Amino acid sequence: MENYLVFDMGGSSIKYGILNGNGDILNNSSFKTPATLDELYSKILEIKNNCEKYNICGVALSCPGAVNSDIGTIDGVSAIPYIHGPNLKTDLESLLNLKVELENDANCAALAEVWIGEAKENKDVVFIVIGTGIGGAIVKDKKIHKGKHLYAGEFGIMYFENELGIPGVWGYNSMGQLVLRLSKKLNKEVDGVEIFRLAEIEKNPVVLEELDRWYSNLAKGIFSIQYIYDPEKIVIGGGVSSNPKILSGIRNKMNELISKIEVAQIVPDIQVCKFNNNANLIGALYNFLEHRK
């Protein structure tokens, strides 16, 4: 079976793996994100040369930013500034003497789920990543819908008023923002794990109140997304997806919301992703395979 070298590019580290055509990860590792583009290219070439025994037939990349996968460039901004501007696709194809494809990281995560993950039986899906911010992807007929400016799925930028009626964006309800708010209110540094411990074990009233509001605001945004696109399924990704409390919390608030809106007829099918940290690798490979058909 043919194998592929796949990279998942992050601001602090870059994960990579050898995957076969079925999406199975045969080997994987990571390295610190290089400081320059030349160092990145050199590292990728080194890894490729060390993988000759795997019969590598192509290279796939999951990248932050507004990725133009047809051309091979990345617009917008990200935690890896030097990838914005150069044509990574043509540069790497010349360097590696292999076919190369790249796609946005959130889009890759979504593709993994519609290929062999939670949404493999669905064609029209919304993928929502809840992490430091809120992002995601829109899938139509198992293909990513990118929009004219490559910003389709940037749900965190949706207009959203907070509980005080102050205008803002839905990204205000990310896990990153929740951590910041509770760290300030509790006057100590907390992370996501600590927040849920304080809620579930200590029943901290400040945390419980903030979480209740957080779940409610997430449900409001998801409700709107459901009626804008009407997908078969909405899949939640990001670090929060590994916590079983997240799904029940959002569903409970969704049911409360729907009960108050007389015209609401649809209860969104909300699920959590299957692949978590490996989703970007698997989805980047699927993007490669689809471009090579």
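On a predicted model such as this, the values are computed, not experimentally measured, just so you know.
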Could you go through the side-chain contact (heavy atoms from CB on, under 4.5 Å) check for L98 and K48 one step at a time? CA-CA 10 Å; L98 288 170; K48 179 256 186 182; 3.8 Å; yes

Just do the side-chain contact (heavy atoms from CB on, under 4.5 Å) check on S224 and K220 with the steps written out, would you? CA-CA 6 Å; S224 297; K220 290 174 183 176; 5.9 Å; no

For L289 and R292, what are the C-alpha separation, side-chain angles and deciding distance, and is it a side-chain contact (heavy atoms from CB on, under 4.5 Å)? CA-CA 5 Å; L289 297 175; R292 294 301 157 183; 5.9 Å; no

Between L208 and N204, does the side-chain contact (heavy atoms from CB on, under 4.5 Å) criterion hold? Intermediate values first, please. CA-CA 6 Å; L208 288 171; N204 184 292; 5.8 Å; no

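Every residue two or more places apart in sequence or in another chain that forms a ring-ring contact (aromatic ring centres under 6.0 Å, His included) with F288 is listed here: Y4. Partners of Y227 by ring-ring contact (aromatic ring centres under 6.0 Å, His included), not counting sequence neighbours, listed by chain and number: F223. In terms of the salt bridge (Lys or Arg N to Asp or Glu O under 4.0 Å) criterion, residue partners of K185 (sequence neighbours excluded) are, by chain and number, E210. Evaluation of the side-chain hydrogen bond (donor to acceptor under 3.5 Å, both in side chains) rule for T90 yields N87 as partners, not counting sequence neighbours. With sequence neighbours excluded, the residues forming a salt bridge (Lys or Arg N to Asp or Glu O under 4.0 Å) with E202 are R197, listed by chain and number. A search for salt bridge (Lys or Arg N to Asp or Glu O under 4.0 Å) contacts involving D212 returns K253, not counting sequence neighbours.
Side-chain atoms of H84 come within 3.5 Å of backbone N or O of S78 as a donor-acceptor pair. Without hydrogens or angle criteria, Q226 side chain to P231 main chain gives a donor-acceptor distance under 3.5 Å. In this structure a side-chain-to-backbone donor-acceptor pair under 3.5 Å is missing from W170 to E161. Side chain of Y215 to backbone of N252: no donor-acceptor contact under 3.5 angstrom is found. Side-chain atoms of S174 come within 3.5 Å of backbone atoms of T132 as a donor-acceptor pair (strictly under, hydrogens ignored).
Pairing each heavy atom of V169 with each of G156, the nearest pair is CB-O, 3.2 Å. When every heavy atom of V207 is checked against every heavy atom of A199, the shortest pair comes out as CG1-CB, 3.9 Å. In terms of heavy atoms, G237 sits closest to F127 at CA-CZ, 3.9 Å. Considering every non-hydrogen atom in both D105 and P64, the closest pair reads OD2-CA, 3.6 Å. Counting all heavy atoms, side chain and backbone alike, W214 lies closest to N173 at NE1-O, 2.6 Å. Of all heavy-atom pairs spanning K274 and G117, the tightest one is CD-CA, 3.8 Å.
Clustering of Ile, Leu, Val, Met, Phe, Trp and Tyr side chains at separations under 4.5 Å leaves V77 isolated, with no partner residue.
Interatomic distance, L247 CG to S241 OG, rounded to the nearest 0.5 Å: 10.0 Å. For the atom pair CG of L5 and CG of L281, the computed distance is 10.0 Å after rounding to the nearest 0.5 Å. To the nearest 0.5 angstrom, I18 atom CD1 is 13.5 Å from D24 atom CG. Rounded to the nearest 0.5 Å, atoms CG (L111) and NZ (K143) are 9.5 Å apart. L218 CG to I236 CD1: the interatomic distance, rounded to the nearest 0.5 Å, is 7.5 Å. Annotation: the span from C63 atom SG to I14 atom CD1 amounts to 8.5 Å, rounded to 0.5 Å.
For the pair V272/I246, no side-chain contact is recorded, criterion being any heavy-atom separation below 4.5 Å from C-beta on. For the pair L186 and L198, the minimum side-chain heavy-atom distance is below 4.5 Å. With contacts defined as side-chain heavy-atom distances shorter than 4.5 Å, the pair M9/N280 does not qualify. Using a 4.5 Å heavy-atom threshold, the side chains of L61 and V59 count as touching. At least one side-chain heavy atom of I250 sits under 4.5 Å from a side-chain heavy atom of I222. At a threshold of 4.5 Å between non-hydrogen side-chain atoms, the residues K15 and N28 do not count as touching. Contact annotation: the side chain of L102 approaches that of I74 to within less than 4.5 Å [non-hydrogen atoms, C-beta and beyond]. By the 4.5 Å heavy-atom criterion applied to side chains, L150 and N104 are not counted as neighbours.
Both L45 and L92 are assigned to one and the same hydrophobic cluster, defined by single-linkage of ILVMFWY side chains at heavy-atom distances under 4.5 Å. In this structure, I282 is not a member of the same hydrophobic cluster as L26, with clusters built from ILVMFWY side-chain heavy atoms closer than 4.5 Å. Note: the hydrophobic cluster containing I144 also contains L285 (ILVMFWY, side chain heavy atoms under 4.5 Å, direct or indirect links). Cluster annotation: I56 and Y16 are assigned to the same hydrophobic cluster (Ile/Leu/Val/Met/Phe/Trp/Tyr, side-chain heavy-atom contacts under 4.5 Å, transitive). V114 and I128 fall into different hydrophobic clusters, where Ile, Leu, Val, Met, Phe, Trp and Tyr are joined by side-chain heavy atoms under 4.5 Å apart, directly or via other members.
Each side chain to side chain donor-acceptor pair (under 3.5 Å) pair with one or both residues in residues 55-71, not counting sequence neighbours, appears once here: D8-S62, S69-K146. Annotation: side chain to side chain donor-acceptor pair (under 3.5 Å) contacts involving residues 31-47, sequence neighbours excluded, comprise Y41-D91. Residue pairs meeting the side chain to side chain donor-acceptor pair (under 3.5 Å) criterion with at least one member in residues 106-115, sequence neighbours excluded, are E103-N107. For residues 226-239, the set of pairs meeting the salt bridge (Lys or Arg N to Asp or Glu O under 4.0 Å) definition, not counting sequence neighbours, comprises E118-K233.
Taking a 6.0 Å sphere around OH of Y151, one finds it holds 12 or fewer heavy atoms contributed by other residues, nucleotides or ligands.
Figure legend: R181 and Y172 shown as a cation-pi pair, the cationic atom lying under 6.0 angstrom from the six-membered ring centre and within 45 degrees of its axis.
The aromatic rings of F7 and F31 stand perpendicular to each other, their planes meeting at an angle above 60°, with 30° marking the opposite boundary.
The pair K142-E290 fails the salt-bridge criterion, with no side-chain N (NZ, NE, NH1 or NH2) lying under 4.0 Å from an Asp/Glu carboxylate O. Ion pairing of D141 with K123 is absent here, as no side-chain N (NZ or NE/NH1/NH2) approaches a carboxylate O to less than 4.0 Å.
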Mind listing the side-chain donor-acceptor pairs of residues 260-269 below 3.5 Å, one per line with the distance, residues two or more places apart or on another chain?
unit_1: D269; atom_1: OD1; unit_2: Q271; atom_2: NE2; d: 2.7

